[in-house]
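Note that these values count all heavy atoms, side chains included, but never hydrogens, waters or copies made by symmetry.
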Amino acid sequence: MDPNLVEDPYALQRHLGFYITDWREDYARFELPMEDFLMNRYGILHGGVHSMMCDTAMGFAGCYTGDPEEKRLAMTLNLSVNFLGQMKGKTLIAEGFRTGGGSKTFFAEAKISDELGTLAATGTGVFRVRQGG
């Protein structure tokens, strides 16, 4: 991944600790170390974290331009997450894939897993491009 494309972390990103590890046309990947403060009352990763990471990865997947001077942003119109299982590893991996759409609206899918390959959730979303496109 081109290091010039890595944006400064925004407030929520800094607070929770997730970071981008790959970003290219129609694809984005983020990682998040699983810390105690991200767990629910049962001691497992809160479903809201899965949802937020799906949303983030899918949004970035549809906003790639390849040019740090040409920033594109999107807002979520619809988000659906399916919870499949419990992760066993120490790092959440969120992968987003742009699957279709046009210049103003796009569709995406996401996969949440851990570094051991355990699939924990999948997601789908619809996004509206706010800038560029």
Side-chain angles (χ1 to χ4, degrees):
M1 184 175 93
D2 182 349
N4 294 318
L5 296 176
V6 178
E7 300 172 5
D8 290 335
Y10 52 94
L12 179 65
Q13 186 178 1
R14 278 192 312 274
H15 182 71
L16 295 179
F18 61 93
Y19 52 93
I20 195 164
T21 58
D22 195 0
W23 194 18
R24 55 187 186 268
E25 190 74 26
D26 300 332
Y27 178 80
R29 176 182 162 134
F30 284 82
E31 295 186 13
L32 171 65
M34 289 190 267
E35 303 289 348
D36 287 342
F37 69 88
L38 299 171
M39 304 304 160
N40 65 17
R41 291 169 45 192
Y42 302 107
I44 60 175
L45 195 64
H46 192 285
V49 175
H50 294 83
S51 300
M52 182 218 33
M53 294 303 293
C54 281
D55 188 38
T56 300
M58 289 187 292
F60 268 75
C63 289
Y64 181 83
T65 67
D67 181 353
E69 301 299 318
E70 185 188 338
K71 189 174 183 180
R72 183 178 299 153
L73 303 173
M75 68 181 238
T76 308
L77 299 177
N78 182 273
L79 174 66
S80 178
V81 178
N82 297 301
F83 302 97
L84 306 173
Q86 186 176 337
M87 287 188 273
K88 305 198 184 336
K90 302 277 189 211
T91 303
L92 177 150
I93 299 167
E95 295 179 281
F97 308 86
R98 183 183 187 276
T99 58
S103 63
K104 298 293 182 194
T105 303
F106 66 88
F107 305 94
E109 295 179 352
K111 180 174 76 167
I112 302 293
S113 60
D114 63 20
E115 78 280 9
L116 304 174
T118 308
L119 183 62
T122 59
T124 58
V126 181
F127 299 82
R128 179 173 174 229
V129 176
R130 296 293 305 245
Q131 295 180 354

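Contact record, Ala74 with Phe106: CB-CE2, 3.8 Å, taken as the closest heavy-atom pair. Counting all heavy atoms, side chain and backbone alike, Thr76 lies closest to Leu79 at CG2-CB, 4.0 Å. Shortest non-hydrogen contact noted between Ala61 and Gly96 is CB-O, 3.4 Å.
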Taking only distance into account, with no hydrogens and no angle test, what donor-acceptor pairs under 3.5 Å do side-chain atoms of residues 118-129 form with protein atoms, sequence neighbours excluded?
residue : atom : partner : partner atom : Å
Thr118  : OG1  : Asp114  : OD1          : 3.4
Thr118  : OG1  : Asp114  : OD2          : 3.3

May I have the list of side-chain donor-acceptor pairs in residues 42-50 shorter than 3.5 Å, sequence neighbours left out?
residue : atom : partner : partner atom : Å
His46   : ND1  : Gly48   : N            : 2.7
His50   : ND1  : His46   : O            : 3.2

All N/O donor-acceptor pairs, side-chain side in residues 80-92, below 3.5 Å, sequence neighbours left out:
none

Could you give the side-chain donor-acceptor pairs of residues 13-24 under 3.5 Å, partners two or more places apart or in another chain?
residue : atom : partner : partner atom : Å
Gln13   : OE1  : Tyr10   : N            : 3.4
Gln13   : NE2  : Phe18   : O            : 3.2
Arg14   : NH1  : Pro9    : O            : 2.7
Tyr19   : OH   : Glu31   : OE1          : 3.4
Thr21   : OG1  : Arg29   : O            : 3.4
Thr21   : OG1  : Arg29   : NE           : 3.3
Asp22   : OD1  : Arg24   : NH1          : 3.2
Asp22   : OD2  : Arg24   : NH1          : 2.1
Trp23   : NE1  : Phe60   : O            : 2.8

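For Phe107, there are no ring-ring contact (aromatic ring centres under 6.0 Å, His included) partners, not counting sequence neighbours. Partners of Asn4 under the side-chain contact (heavy atoms from CB on, under 4.5 Å) rule, at least two apart in sequence or in another chain, are Asp2, Pro68. Partners of Asp36 by side-chain contact (heavy atoms from CB on, under 4.5 Å), not counting sequence neighbours: none found. The salt bridge (Lys or Arg N to Asp or Glu O under 4.0 Å) search around Glu109 returns none, not counting sequence neighbours. Looking at residues two or more places apart in sequence or on another chain, you find no side-chain hydrogen bond (donor to acceptor under 3.5 Å, both in side chains) involving Thr65. Scanning for salt bridge (Lys or Arg N to Asp or Glu O under 4.0 Å) contacts around Asp67 gives an empty result, with sequence neighbours left out.
Inter-residue side-chain proximity for Arg98 and Glu25 is flagged as unmet; no heavy-atom pair is nearer than 4.5 Å.
Interatomic distance, Ser103 OG to Arg72 CZ, rounded to the nearest 0.5 Å: 9.0 Å. Distance check, rounded to the nearest 0.5 Å: CD1 of Ile93 to CG of Leu116 gives 8.5 Å. The distance from the SG atom of Cys54 to the NZ atom of Lys111 is 11.5 Å, given to the nearest 0.5 Å.
Follow the hydrophobic side-chain contacts under 4.5 Å out from Ile112 and you reach Met34 in the same cluster. Under a hydrophobic-cluster definition in which Ile, Leu, Val, Met, Phe, Trp and Tyr are linked whenever side-chain heavy atoms come within less than 4.5 Å, directly or via other members, Met53 and Met75 are assigned to different clusters.
Put simply, the side chain of Thr56 gets close to the backbone of Met52: a donor and an acceptor are under 3.5 Å apart.
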